[in-house]
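Side-chain atoms are counted along with the backbone in the values below, which use heavy atoms only and exclude waters and symmetry mates. The model shown is predicted, which means the values in this text are computed figures rather than measured ones.
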2 protein chains.
Amino acid sequence: MAGIRDVARQAGVSPATVSRVINGTTPVAADKRERVLRAIEEMGFVPNEVARSLFKKSSKTIGVIIPSIRNPYFTQLADVIDAAAKERGYRIVLYNVHHDLDQERAALQMLAAANADGVIVASNNEALQEELAHYQMPVVVVDALFQTRQVNAYLYCDYYQGGRLAAEHLTACGCRNLVCIRGVQGLYTAQARYEGYRDYCREHGLTEQVVECDYDFEAGLSMTEELLERFPQVDGIVACNDMVAISVYKILHKRNIAVPDQIQLVGFDDIHLASLISPELTTIHQPIDAMGRRAVEVILNEGHLPKEGRRQSFPVSLVPRETTRSKESR
Amino acid sequence: MAGIRDVARQAGVSPATVSRVINGTTPVAADKRERVLRAIEEMGFVPNEVARSLFKKSSKTIGVIIPSIRNPYFTQLADVIDAAAKERGYRIVLYNVHHDLDQERAALQMLAAANADGVIVASNNEALQEELAHYQMPVVVVDALFQTRQVNAYLYCDYYQGGRLAAEHLTACGCRNLVCIRGVQGLYTAQARYEGYRDYCREHGLTEQVVECDYDFEAGLSMTEELLERFPQVDGIVACNDMVAISVYKILHKRNIAVPDQIQLVGFDDIHLASLISPELTTIHQPIDAMGRRAVEVILNEGHLPKEGRRQSFPVSLVPRETTRSKESR
DNA sequence: TTCATAAATGAAACGGGTTTCAAAAGAATG
DNA sequence: CATTCTTTTGAAACCCGTTTCATTTATGAA
């Protein structure tokens, strides 16, 4: 690989001048610039990014840490972040940490050691939280919120409201026997959804019926079986996310339980897949795009949320589709 | 950030000794090692990865370039590659190039400039192919194959056989009016699938009916409409991939066309989603895991496929599920 | 105890751009 | 034409681990 010194020799100038031509930091005489440019062209010179970022202490890179690359919610988020970052001349490095604290730690350390310009973390791990504060690069936490706020920026949705909306919609669609498949409690994102559901039920004299479940498909399948056994009367299900909702549907379908005629179903997240499967899934929409774009903005703003304080909440909304009864048929 | 020289001072040794303790390259006296370790601990020292890789010319990183992070086929592939790489002490950097040649180029250049130890590219872009040869880092092309083979290793599946299997299965299930939704021709992966289908039809006296379609969901939706219009007699559909198959199903479902009773459907890829949706999708299984793991092996083997030549083909198989008639009901 | 080997250790160079600082060249003023 | 202020430009230091190479220290044999 040709280096900057080779180019300099070829062009008959010093390495410093070559650097200046490349970066446009200082004006260079037209004839010399010309020679340098030609030498670069001829030798196919590409500046070594490692050397550059060693000095600059910036790598034009934003780290993105997600718990699972298999969950479409996170890949969608990563995709927007990617697009937003590229628009601003940054690239992202995606770390897929398989829900594993050690891998999260390792990713963080690597990013720090690699002079990343910031990190966007989608982690519900409270233990990691504390470590986050030790790094001096900007950190933004998305899709999570903690009591002990160590980091400057938390971006999350109004999950509580989402839980309420789901319960409200099912009730409005005629359900009287709601069951909530809630995510593991202790995780804010899961808990808030549940509490929204719970409060709505309490306020409207509905008995709250709950089943607990991990966020993935496999867990959704087995939990649904359990749910049907424990609550045979059920006529409305609030799932903790869309992937689980899809697995719920799968079981119902297998048992020939009609959706939405016998049981109505509401998911959470509104991933693309929700409107792609048949029947289309009624779900709580999260503004994933807006959240992702904002995360990048905040990182490039040194990790600070300007005026709003240390956290920013995004609104959710209910998208009625085919797994609940439409207005017309009510 | 504390540097190795700070640690050295604190421990009363030279930076060289600290480096040796960290890397275990040369034995260090027990008492000094002890002091160094304590100093590292106290100062929370983490070696700067950039400086390290500048010297080592290796970053323990494998680049993975995929055309779309939204297509589950590629995220699944990335996930295995990630796991396989981590097992061997490497990390991956995922580049999501949005099917864009310029972004592919940029990704490649960045990887080269970042001292990546190898690149795994899932690209059907022939133009990129040629450039690939210019880089001296190991490159493995997955899910593609070219006439002009510039790179040392191509990993791909027996797509042709997949096309045959799909046609054969539909025929065995009683279909007489097959239509193939083929991917954009010119791409080997798409063309081979189609040719398998075509040859089977010719050999068995079936008229070949074809419709062309991009690999994504939106294209699948509109193409299905067109298909039904052009071939109202259709009773079996071979889709170019699972995402398209899902969109086909969506349209059929919307039109109240029963699957598999009126029309049977075969996808391609066997992404997880295929068995997660309802009804479960009959599809051609690609050994994504094996391919991903092999890709990592080859990279760490300097990008060479040892004996087998410059390419390795993986077998496909048909997985009968719910969108075609099962043996029992035939 | 002494000389020869082997092992541990530090000083300095290295990798490859970038930037500082001072010298050199050019432009402007008197 | 001399003098001063600008603008270019190159030499060298820098970023920070790693490694070479020579020196020091330890080990073993004589």
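- Counting non-hydrogen atoms under 4.0 angstrom, Val13(A) reaches the backbone sugars and phosphates but no base.
- The side-chain heavy atoms of Leu300(B) and Ile62(B), taken from C-beta on, include a pair separated by under 4.5 Å.
- When the P atom of dG16(C) is taken as reference, atom CG of Asp6(A) falls 9 Å away, rounded to whole Å.
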Would you please test Gln286(B) and Tyr73(B) for side chain to side chain donor-acceptor pair (under 3.5 Å) and show each step? CA-CA 10 Å; Gln286(B) 279 196 47; Tyr73(B) 174 80; 2.7 Å; yes
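- Under a 4.0 Å N-O distance rule, the pair Lys56(B)/Glu49(B) does not qualify as a salt bridge.
- Looking only at atom types and distance, the side chain of Tyr156(B) has a donor-acceptor partner in the side chain of Arg311(B) under 3.5 Å away.
- Across the protein-nucleic acid pair, Met43(A) atom CE and dG16(C) atom C1' stand 14 Å apart, rounded to whole Å.
- A donor-acceptor pair shorter than 3.5 Å can be found between the side chains of Arg52(B) and Asn23(B).
- Taking only side-chain nitrogens and oxygens, Lys32(B) comes nearer than 4.0 Å to OP1 or OP2 of dT9(C).
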Going 5' to 3' along nucleotides 17-22 of chain C, which nucleotides have protein heavy atoms under 4.0 Å from the base (write B), which only from the sugar-phosphate (write S), and which from neither (write -)? BBBB--
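- Thr26(B) comes within contact range of at least one nucleobase, with a heavy-atom separation under 4.0 Å.
- In 5' to 3' order, the nucleotides of DNA chain D bounding all contacts with chain A (an atom under 4.0 Å from a heavy atom) are dT8(D) to dC16(D).
- Rounded to 10 degrees, the angle separating the terminal helix axes of the helix from dT1(C)-dA30(D) to dG30(C)-dC1(D), each built from five base pairs, is 40°.
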List the steps and the verdict of side chain to side chain donor-acceptor pair (under 3.5 Å) for Asp117(A) and Ser58(A). CA-CA 6 Å; Asp117(A) 296 299; Ser58(A) 152; 2.9 Å; yes
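- In this structure, the CD atom of Glu49(B) is 15 Å from the C1' atom of dG15(C), given to the nearest Å.
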Can Arg293(A) and Glu87(A) be said to form a salt bridge (charged side-chain N to carboxylate O under 4.0 Å, His left out), step by step? CA-CA 10 Å; Arg293(A) 304 200 88 85; Glu87(A) 282 169 18; 2.7 Å; yes
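- Note that the CG atom of Leu108(A) and the CG atom of Leu128(A) stand 5.5 Å from one another [nearest 0.5 Å].
- Using a 4.5 Å cut-off on side-chain heavy atoms (C-beta onward), Lys86(B) and Arg91(B) make no contact.
- Ser313(B) contributes no side-chain N or O that, together with a main-chain N or O of Cys157(B), makes up a donor-acceptor pair within less than 3.5 Å.
- Checked by atom type, the side-chain pair Gln312(A)/Arg294(A) shows a donor-acceptor distance below 3.5 Å.
- When heavy atoms are screened at a 4.0 angstrom cut-off, Val28(B) is found touching the sugar-phosphate backbone but no base atom.
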